[in-house]
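Structure, as structure tokens:
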Amino acid sequence: MTSESRQRSHRRLVVLAAVFFAFSLILLGRIIYWQVVRRQELLELAELEHYQTRVIPPQRGAILDGTGSLLATDIFQYEIFATPRDVSNPRWTAEQLAPLLERPPETLWALLERKDLSVTLAKQIPLNVGEKIASRGLSGVGAIPLPQRIYPEKELACHLLGFVGAEGDGFYGLEEYYDDILQGEPGSRGGERDPSGLQMIAGYGSYVPAQEGPTLVLTLDRAIQGLAEESLEKAIEEYGAQGGTIIVMDPWTGAILAMASYPRYDPNRFYETSEELFVNPAISEVHEPGSVFKPVTIGAALDTGEVTPETTYNDTGSILVGGQVIANWDWGARGETTVSELLRYSLNVGAATMSTKIGAEKFYRYVRRFGFGEPTGVDLAGEVAGIVKTPGDAQWHESDLGTNSFGQGISVTPLQMINAMAAIANGGLLMKPHIVQRIIREDGVVEIEPVVRRRVVSLETARQLTQILVEGVKKGVAELAYVEGYSIAAKTGTAQIPIPGGYDPTWTIASIAGWAPADDPRFVILVKIDKPQAAPWGAVVAAPVFKSLAQQLFDYLGIPPDEIRLARE
């Protein structure tokens, strides 16, 4: 070999050595990269490949009325699934499952032969069947308990309760408002398999139990709710009305004893119901209240000291406010009239006289004090604030000072209206309405205490208003609400329904709100009847409904007539 050949051979060896060295460096770098830099990631991937985790859904918290009656709860049904690669004998397994799942064995066999990682064999399997399948220990077959929300009383209190959707989320009412806590906390069950994916490795696995949601105990009384709903449906049928609302409250605490609206729906079958029926009219729909609002106006006039119950004014049958003529509901002129008489006989001219006498600033201050134009803060989803126009607002007009005084041109919810009347009933305190009185958790019980929002009027003003309203029931426009032997304070209202360009010439909203016994109230009732055909007046339509329900509540609550009750004191 010549010197030149030896040099070429040497260069080739050097190049090969360099290439081999470079390749070795690259290989070593990849080994270090995967074995050191990404070692943890590889271990986690390997673990995930052989480790299966299933979520254990929690049981949603139950909802009970104040007497312990069950209004909403979860029942469990099973979803049956399989991991086909773990099924050792698909045909035999299908034959075992067929009679339990009531499905043809051929259909199940076809599912078990699929190459999918997991297949669903059946859903909504009864609890006893699911437990039987789980206990048989069929290889590759599992059963997952899934909660289903049910409402044992069906339509009862549907607008208060709301419902739970297919994905487990609460909608409307209590189910939505308390959704975060009712849902509870999901658990999990996991297990590691051997590299073949067939056998569970002993000693490996995890289990985190699901935490059940807390139980809500309501202020609602199932019996009173039933009476309210029956009274409402009977009235709607009798008067040919299109809908309505009845609320019963404890004026001292703001506790809601009943809240009924019509039409109703079955939350168990919410998917068959038109969405507009889900809305709770008691808190989510507004209306012009009409004359049931007049105690607010008279309360403001009395509380400012501008007038007393005996103060008189000259009722000429009409009054001009902001360029608008306001007349009494019967177009009559009363002459010299006291403040007590204007409320007793529900005189629009008198109400407008009072609002203009105290002035816009004081009038609207009291309207706001009574809670209008703001949410009540009730623990239900979907509450709206209502509409109150005040001086300085673009849409407010001077004439509103007159029309607002008798509940026209102002929009309220039924809950706002009854809460304002409750403030008069309890001596002048505006309460925060609430529907939940107790939350029962695993670690203890949370009591919901009554909340006083503010003082609205003085105790003396509240007493004066109460006496005037009692006279209105004894010998005034609300006399059809009178229950023999009991003192009742109440005010009726007949409200026109606004339409573009004015008011509907045909339809009205008939209402009444009041409490009893007047001197020591046990309950406040609001009745609102929408578009009655038989008669337009609250005094004719709503007052008899109030009377009937009040009589039933006297009996149910064991309230004796005044003569007996007062003799015991």
Side-chain angles (χ1 to χ4, degrees), residues 288-368 370 372 387-393 395-412 420 457 461 464-465 468-469 471-472 476-478 491-498 501-505 508-509 511 536-539:
E288 294 193 2
S291 293
V292 73
F293 190 82
K294 283 174 182 169
V296 173
T297 300
I298 306 309
L302 292 171
D303 206 57
T304 59
E306 295 285 346
V307 299
T308 69
E310 292 74 33
T311 298
T312 61
Y313 70 98
N314 183 27
D315 188 335
T316 61
S318 66
I319 184 174
L320 188 67
V321 182
Q324 181 169 336
V325 176
I326 294 172
N328 289 322
W329 60 272
D330 60 356
W331 299 94
R334 299 277 178 160
E336 187 173 342
T337 306
T338 66
V339 170
S340 293
E341 290 170 335
L342 86 81
L343 191 55
R344 185 188 310 165
Y345 299 113
S346 194
L347 303 176
N348 296 345
V349 171
T353 300
M354 294 301 108
S355 65
T356 55
K357 182 178 182 65
I358 65 176
E361 190 276 329
K362 290 181 180 178
F363 173 73
Y364 288 108
R365 186 202 314 157
Y366 277 91
V367 170
R368 293 288 189 181
F370 272 100
F372 298 104
I387 303 172
V388 176
K389 298 177 292 183
T390 57
D393 295 341
Q395 294 183 325
W396 186 83
H397 189 272
E398 188 180 347
S399 62
D400 289 326
L401 180 59
T403 57
N404 290 173
S405 70
F406 54 91
Q408 191 174 83
I410 187 171
S411 295
V412 308
V457 294
T461 297
Q464 291 174 339
L465 275 172
I468 295 172
L469 293 172
E471 291 300 316
V477 293
K491 181 69 188 77
T492 59
T494 304
Q496 293 179 282
I497 299 175
Y503 286 91
D504 192 294
T508 64
I509 293 175
S511 66
W537 309 109

Worksheet entry | Set of side chain to side chain donor-acceptor pair (under 3.5 Å) partners for Arg368, sequence neighbours left out | none
Practice prompt. Could I get the full list of side chain to side chain donor-acceptor pair (under 3.5 Å) partners for Ser355, not counting sequence neighbours?
Written response: none
Discussion item. Taking side-chain contact (heavy atoms from CB on, under 4.5 Å) as the definition, give me every residue that meets it alongside Ala539, ordered by chain and number, with sequence neighbours left out.
Written reply: Thr492
Worksheet item: Has the side chain of Ser405 got a donor or acceptor atom that lies under 3.5 Å from a matching backbone atom of Thr403?
Response: no
Fill in: Results of side chain to side chain donor-acceptor pair (under 3.5 Å) for Ser340 - residues two or more places apart only
none
Worksheet item: With sequence neighbours left out, which residue pairs that include part of residues 317-334 fulfil the salt bridge (Lys or Arg N to Asp or Glu O under 4.0 Å) condition?
Response: Asp330-Arg334
Worksheet entry | Pairs flagged by ring pair (Phe, Tyr, Trp, His ring centres under 6.0 Å) wherever residues 308-333 is involved - sequence neighbours left out | Trp329-Trp537
Worksheet, complete the sentence: Here the side chain to side chain donor-acceptor pair (under 3.5 Å) pairs for residues 289-305, sequence neighbours left out, are Ser291-Lys294, Ser291-Ser346, Lys294-Ser346, Lys294-Asn348, Asp303-Tyr366, Asp303-Ser458, Asp303-Thr461
Worksheet entry | Qualifying residues under side chain to side chain donor-acceptor pair (under 3.5 Å), relative to Lys362, sequence neighbours excluded | Glu306
Worksheet item: Of all residues at least two apart in sequence or in a different chain, which pass the side-chain contact (heavy atoms from CB on, under 4.5 Å) check with Ser411?
Response: Val286, Glu288, Ile387
Worksheet item: With sequence neighbours left out, what residues match Asn314 under side-chain contact (heavy atoms from CB on, under 4.5 Å)?
Response: Thr316
Discussion item. Can you list everything that forms a side-chain contact (heavy atoms from CB on, under 4.5 Å) with Leu320? Sequence neighbours excluded, please.
Written reply: Val325
Fill in: Pairs touching residues 337-358 that satisfy ring pair (Phe, Tyr, Trp, His ring centres under 6.0 Å), sequence neighbours left out
none
Item to complete: Please indicate whether Lys389 has more than 12 foreign heavy atoms, meaning atoms of other residues, nucleotides or ligands, lying under 6.0 Å from its NZ.
Response: yes
Worksheet item: Are the side chain of Ser399 and the backbone N or O of Gly322 linked by a donor-acceptor pair below 3.5 Å?
Response: no
Response to the item:
For Leu302 and Val307, the nearest pair of non-hydrogen atoms, with its separation, is CD2-O, 3.7 Å
